[in-house]
Amino acid sequence: MKKIKVYVLLLLILSLLTGCWDKVEIEDRAFVMAIGIDTSNQAKNYIVTFQFPNVKQVTSAAGGGGGGGGQPNFSISEVGDTVFSASRHISTRLDKRLFLGHTKAVILGKDVVSDRNKFLEVLDTLDRSYELSRKLRLLVADGKAQDILLKNYKFDPDIGVYIDDIFKQYNRTSIFPNLDYNKITKSLHDTNGNAIIPVISSGKDELKIAGSAIIKNYKLAGWLSDGENMGYMWLMGFVKGGDITFNMPTTDGKEVKVPFNITNTVMKRQVIEQNGKIIYKIKYDVEGEVTEYSFQKHGEMFETNVLGTMEKKADKVIEKMINDSLKKFQKDLKVDMIGIGDYIQKYKPALWSKVGPEWEKKFPDVVVEPVVSTHIRRIGLFK
Amino acid sequence: MIKNNDKISENQTTILLFTTMLGAGILSLSADVAKAAGPNALIVILLGGILALILARFIGYIASKFPTETFVEYSAKLMTKPVSVILSIFLVAYFLIFCSLNLRIFAEVTKSYLLNSTPVEVIMITMLFTSGYIVRYGIEPIARLSEILFPIMVIPMMIIFLPTITDLDLSNFLPILRISFLNLLKGILSTTYSFIGFEILYVIFPYIQMGTKFKKSINISFFSIIFFYIYVTFYTIGIFGYKETSVQLWPLLTVIKSINFPGFFIENLESLIMGIWTFAVFTSISAFHYAATLTLSKLIKAREHTYLVIPLIPIIYFMALIPDSIVEVYKYASYASILTLFFVVILPILMFLAMKLRDKGMKNSEKN
Amino acid sequence: MGLFNKLFKNNKSNKNGNDEDKDVVSPKVKENIEENIKYIKDMLKDSDDIIYREIWVGEEFQHKLELVFVDGLVDKSIINEHVMHSLMLDSRQAKPSIEEIKKNIYEVIKKAAITGGDIKEIDDLDKCITSILSGDTALFLDGHPKVVIISSRGWQMRSVAPPETEMVVRGAREGFTETLRVNTALVRRWIRDPELKIKQMQIGKRSKTDVALLYIDDIVNKDLLSEIKERLEQIDIDGVLESGYIEQLIEEDWHSPFPQMLNTERPDKVAASVLEGRIAILIDNSPFALIIPTTLATLFQSPEDYFERWMISSLLRILRFTAAVIALVGPSIYIAFTSYHPGMIPTKLALYIASTRQGVPFPAFMEALIMEATFELLREAGIRLPVPIGQTIGIVGGLIIGQAAVMAGIVSPLMVIVVAVTAVSSFSIPSYSAAIAFRLLRFAFMLFAAVLGLYGIMLCLILMLTHLVVLKSFGLPYLSPFVEVNLSDLADTLIRAPLMMFKKRPAILDTQDKKRMKDLRPEEIESMEIDRRNGNDKK
């Protein structure tokens with residue numbers, strides 16, 4: 001009995017040793033950093049572009065031995081019926097195995113987002129993947145994704161990392177939504193196909209992420225410009241930084257442009273039903289600092305009424321931003337992407353059971369009342 | 001100090017129960033409850049856990065009346081020999097089914113996340129032999145291993161969620177308790193799969209020291225696992241919202257995928273959690289394996305259970321291979337829940353009645 | 001397994017055979033001195049280092065005495081001063097009556113003539129021979145069936161030196177030597193308790209090695225004591241050369257790579273263990289004491305932990321446990337991450353590793369194996385070489401070979417770092433035997449990682465832990481107090497709690513006297529402080 005056991009064990013170990021089914025040495029993998037997906041007009045459905053760094057360059061950049069020269073990264077495109085099959089087909093042309101575990105960004109071409117069925121297909125591929133990270137950045141290209149990926153950029157040739165790093169600077173601008181794939185897919189699931197996705201465009205040798213694409217019912221419905229996007233961010237309560245500019249009339253009758261740098265905001269919401277109308281009140285407490293005024297007027301800032309006027313001006317600017325953006329959603333697109341329905345559902349379930357089933361119709365009639373109170377906390381080094 | 005009575009202490013019983021219950025179910029738990037109960041998921045887990053606790057206490061109560069006997073023996077006393085044999089066979093089958101289900105789910109998840117081209121067969125066989133290695137030594141090492149693995153499993157799982165606190169949206173749990181009673185009940189039942197494992201109480205009683213303190217052990221282990229499940233589900237639904245959670249196969253892994261642990265040297269945490277989860281599944285598998293082996297050995301009156309460990313391995317293995325796909329695995333799991341209903345609800349009641357009748361009979365005979 | 005069993009059975013049958021030998025009765029000391037000396041000379045023939053010194057004493061030199069001792073093992077000055085000088089010269093000045101001397105010369109010699117400190121009498125010739133061979137001097141007296149054994153042991157021995165394998169920054173610098181008596185004395189100096197017992201026995205049919213059991217009688221667990229005695233008595237071997245022999249002969253599981261007894265060269269460690277209720281075994285000719293029972297946690301304790309402040313010690317403890325984990329799984333994690341799960345490595349690092357492994361011809365497993373094997377070789381060579389060269393080899397080998405291997409493109413630089421970190425980690429475990437066990441298991445982990453990646457590592461970890469939970473050291477679970485948890489015991493494992501909290505001896509040892517310290521809570525001390533400050537000092 002014991003001998004049999006020993007033999008079984010030995011056999012097991014031997015059979016294991018012939019295994020190593022999954023072993024792929026790290027240098028034999030192509031670490032895809034960014035994926036671009038476009039539609040194709042040919043027989044196949046998609047053009048998928050993979051961009052991965054030339055690892056030989058990594059060492060030479062790090063000052064190691066004489067790594068191989070050549071370009072810093074490779075981009076390779078393949079057509080396929082599905083995104084998945086494209087990634088498999090590509091291995092017939094590549095001496096490495098594609099590895100998507102480190103992918104930082106997926107860029108969807110404008111035409112993918114415009115086609116509901118294709119967009120759904122692509123989303124499903126991304127959702128089901130074991131390898132792809134949920135932290136990756138999902139972006140919409142203003143044109144073809146391929147065009148963005150096939151260029152070399154001077155700041156960082158590695159597009160995935162480049163995009164990721166831009167997002168890290170998010171707090172300074174608020175002109176694009178800081179959404180990763182996780183949040184976008186959550187929004188799509190929660191609202192049955194509504195979300196906004198940041199937009200990427202490429203300049204001559206740099207990338208720019210600004211504004212966002214509005215997806216309604218899994219389809220591109222419109223775009224938000226930089227300013228509108230900030231309005232949207234206000235509505236969602238996402239603004240944590242960024243700057244606005246307002247005109248400040250001075251004592252001598254002129255106007256000075258004053259930049260206001262937002263450092264923190266707190267949003268409070270409330271829904272009231274009045275005479276069959278739904279009133280959605282949003283109250284903002286905005287904190288920030290003024291970083292420029294006028295050289296001539298040194299000393300004026302210390303008088304409180306100046307600050308008071310400034311705060312009022314800032315309120316107006318922010319309110320306008322919010323209203324512009326609101327108009328876009330309520331009047332043009334007629335889609336609730338600013339979380340009013342969600343709020344009612346969670347906090348006013350009784351009301352929701354009344355209005356929920358036909359929320360699409362009700363939404364444009366909701367009265368939104370934003371109230372902004374700005375607090376200037378710091379004024380720079382001069383009075 | 002020099003004791004080798006093959007008995008486990010009260011603390012060990014607590015931890016053994018905990019680790020047996022914590023198994024493959026935790027991956028899909030939040031999806032099930034989110035689907036059934038929406039924002040009330042946490043309440044449902046709490047209620048489901050308490051329900052399971054009551055059932056476990058009931059089983060424990062019956063088993064504690066026969067502190068030196070396993071199910072095979074005391075069921076024979078209570079409900080005649082032939083019935084007992086049939087029930088015991090079913091009990092063995094029951095343990096084997098859950099052992100193999102755990103094994104299969106584990107193999108599928110591991111294949112998906114860690115070893116894409118390794119055959120599931122290899123994953124299952126290696127796991128089973130590892131389990132067989134410890135089961136041969138009996139319950140004491142299983143309990144000790146659980147003790148060692150318990151902090152290794154629980155602490156990282158708790159810590160890993162901490163950086164997501166800022167992403168938590170507590171409004172995902174609103175509105176509270178606007179749910180029909182039927183849905184609530186459904187939700188509670190859907191959580192039961194996650195508490196399966198306490199049935200080992202049917203057979204492990206002769207191996208527990210201090211038989212009377214078992215109540216405390218059961219209580220502590222249930223409340224800790226309820227807390228743990230609530231903790232995990234709280235974060236999962238707090239981050240994803242119940243709609244997103246309910247459509248996912250293994251929301252726990254997906255949510256961990258989305259965690260960005262600042263400054264940590266591991267990029268994708270789900271692989272790390274997969275590793276830790278291996279321990280959780282192993283403790284479940286080995287406990288079921290042991291319970292099945294023990295029951296069977298008592299049934300055929302074998303002198304020691306060790307001889308039966310290896311023969312059971314191929315059985316579990318082939319049972320685990322029956323479902324064709326991961327979809328079928330979960331289908332079979334829901335069928336198996338019917339068995340659970342029998343073993344944790346109906347059987348204890350029947351046995352309780354039988355016990356009362358027997359007591360009465362005894363009293364009557366005493367009078368006569 | 002079958003093969004081993006056979007071997008084991010053979011061993012047993014040998015033992016039975018030996019038992020029969022023991023039945024031969026050893027000859028008693030005869031009255032006639034010639035017979036005695038002849039017997040000894042027969043037994044010890046062809047041993048030219050034995051010195052037979054015949055002396056005559058008495059007024060008329062009528063009493064024949066014979067001293068037998070081994071040259072080199074005895075302290076000649078003792079024999080000269082305290083035996084021969086006393087017998088031959090000094091005793092003449094004392095004047096007991098002739099009659100008395102005639103009647104009882106033996107008693108007179110024993111009690112009045114020899115000025116040596118430690119004497120005893122025996123009547124068994126074989127025991128007498130053992131004593132002679134141990135360095136004692138045998139004094140035969142014609143006409144008396146007794147031998148006086150004069151303890152004159154004194155040979156060239158190493159003086160007490162710092163324990164080389166267990167250095168500490170703070171703490172005693174004394175280490176054990178090769179002489180049992182010195183070693184027991186070193187422990188005695190730490191514990192002046194009459195309850196400290198030093199129980200001696202001889203093991204080894206031929207080597208007749210002195211083995212001493214050290215324990216405190218009213219603390220130690222008696223079951224444990226009798227268990228150890230029983231196991232020691234069962235040993236039947238020709239020679240015991242080092243405590244390692246004893247260790248391997250009485251341990252429970254010889255399949256295990258883990259040491260089931262702690263060995264130490266430090267008397268303070270032995271003293272501390274004995275005070276905790278453990279039992280120490282000291283062996284002649286070995287500077288390593290064995291401490292029984294041992295658990296995994298004790299292998300991570302260093303005497304210094306208790307001398308330094310508790311926070312520092314706790315930090316060191318955590319560091320050591322971390323080091324053990326690194327020593328165990330370092331290279332296998334590297335293999336698993338690079339060959340199986342590159343997704344787990346941070347992106348930039350992954351790219352860097354990929355680029356440095358560009359052109360490395362071996363898979364990560366072979367790469368790791370080559371480097372680990374090289375390192376083990378260096379370590380082994382470093383031990384064999386004389387100390388100054390050994391260190392050079394370490395540095396030169398490590399640096400040059402590592403650098404050269406990287407330059408040659410056989411291994412990647414990260415691998416060299418991994419191996420180096422692993423090596424350093426394995427040396428920070430205080431117990432050398434435990435460190436070896438971890439180093440050995442590291443290769444198993446590497447193999448598992450090479451086949452099944454991270455899952456393989458987890459499996460191997462489970463297998464190792466299973467082995468550890470099954471393993472016992474003299475009935476004590478090897479992993480206690482992590483298993484069968486006892487909170488007060490946990491205070492001295494991963495952390496070293498303040499000394500204030502060690503009021504009880506380890507509960508796992510189940511000692512007779514459980515209390516170690518009087519209750520003195522920090523609050524009480526504080527309230528005393530406050531009282532004093534307020535001038536409420538009770539006078």
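The chains referred to below are lettered A, B, ... by the order of the sequence lines, with proteins before strands, and numbering in each begins at 1. Nothing here was measured: the structure is a model prediction, and the numbers come from that model.
- Ion pairing of B/E10 with B/K216 is present here, as a side-chain N (NZ or NE/NH1/NH2) and a carboxylate O approach within less than 4.0 Å.
- Using a 4.5 Å cut-off between heavy atoms, B/T118 touches chain C through its side chain atoms alone.
- A donor atom on one side chain and an acceptor atom on the other are found under 3.5 Å apart for C/Y455 and B/T126.
- For chain C, the nearby parts of B/L272 are the backbone and the side chain; heavy atoms of each come within less than 4.5 Å.
- If you look at B/Y290 and B/H305, their ring centroids are closer than 6.0 Å.
- Of the residues considered (C/M458, C/H341, C/M344), C/M344 shows the highest number of contacts with chain B, using heavy-atom pairs under 4.5 Å.
- Residue C/L468: no heavy atom, backbone or side chain, is found under 4.5 Å from chain B.
- Between C/T338 and C/A364, the shortest heavy-atom distance links the atoms OG1-CB, 3.4 Å.
- For a residue to count as touching a neighbouring chain, one of its non-hydrogen atoms must lie under 4.5 Å from one of that chain's; by this rule C/L463 touches chain B with backbone and side chain alike.
- If you measure heavy-atom distances from C/T511 to chain B, you find no contacts under 4.5 Å at all.
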Given side chain to side chain donor-acceptor pair (under 3.5 Å), test B/S146 with B/T19 step by step and report yes or no. CA-CA 6 Å; B/S146 297; B/T19 54; 3.1 Å; yes
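- With respect to chain B, the highest number of heavy-atom pairs below 4.5 Å among C/L465, C/I345, C/I462 belongs to C/I462.
- For the pair C/Q512/C/I219, no side-chain contact is recorded, criterion being any heavy-atom separation below 4.5 Å from C-beta on.
- Interface check for chain C: of the options B/M127, B/Q12, B/E147, the most heavy-atom pairs under 4.5 Å are formed by B/E147.
- Listed options C/V483, C/T347, C/L454 were ranked by heavy-atom pairs under 4.5 angstrom with chain B; first place goes to C/V483.
- Scanning both residues, B/H289 and B/G132, for their nearest heavy atoms gives CE1-CA, 4.0 Å.
- Contacts between B/S271 and chain C at a heavy-atom distance below 4.5 Å involve backbone atoms as well as side-chain atoms.
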Passes side chain to side chain contact (heavy atoms under 4.5 Å, CB included), C/Y334 versus C/V419? Steps please. CA-CA 10 Å; C/Y334 173 82; C/V419 171; over 6 Å; no
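- Interface remark: B/M274 contributes no atoms to any contact with chain C (heavy atom separation under 4.5 Å).
- Heavy-atom pairs under 4.5 Å with chain C were tallied for B/T110, B/L114, B/N116, B/T278; the largest tally goes to B/L114.
- Contact annotation for B/L149: only side-chain heavy atoms (C-beta onward) come within less than 4.5 Å of a heavy atom of chain C.
- Within a 6.0 Å radius of NZ in C/K197, more than 12 heavy atoms belonging to other residues, nucleotides or ligands are found.
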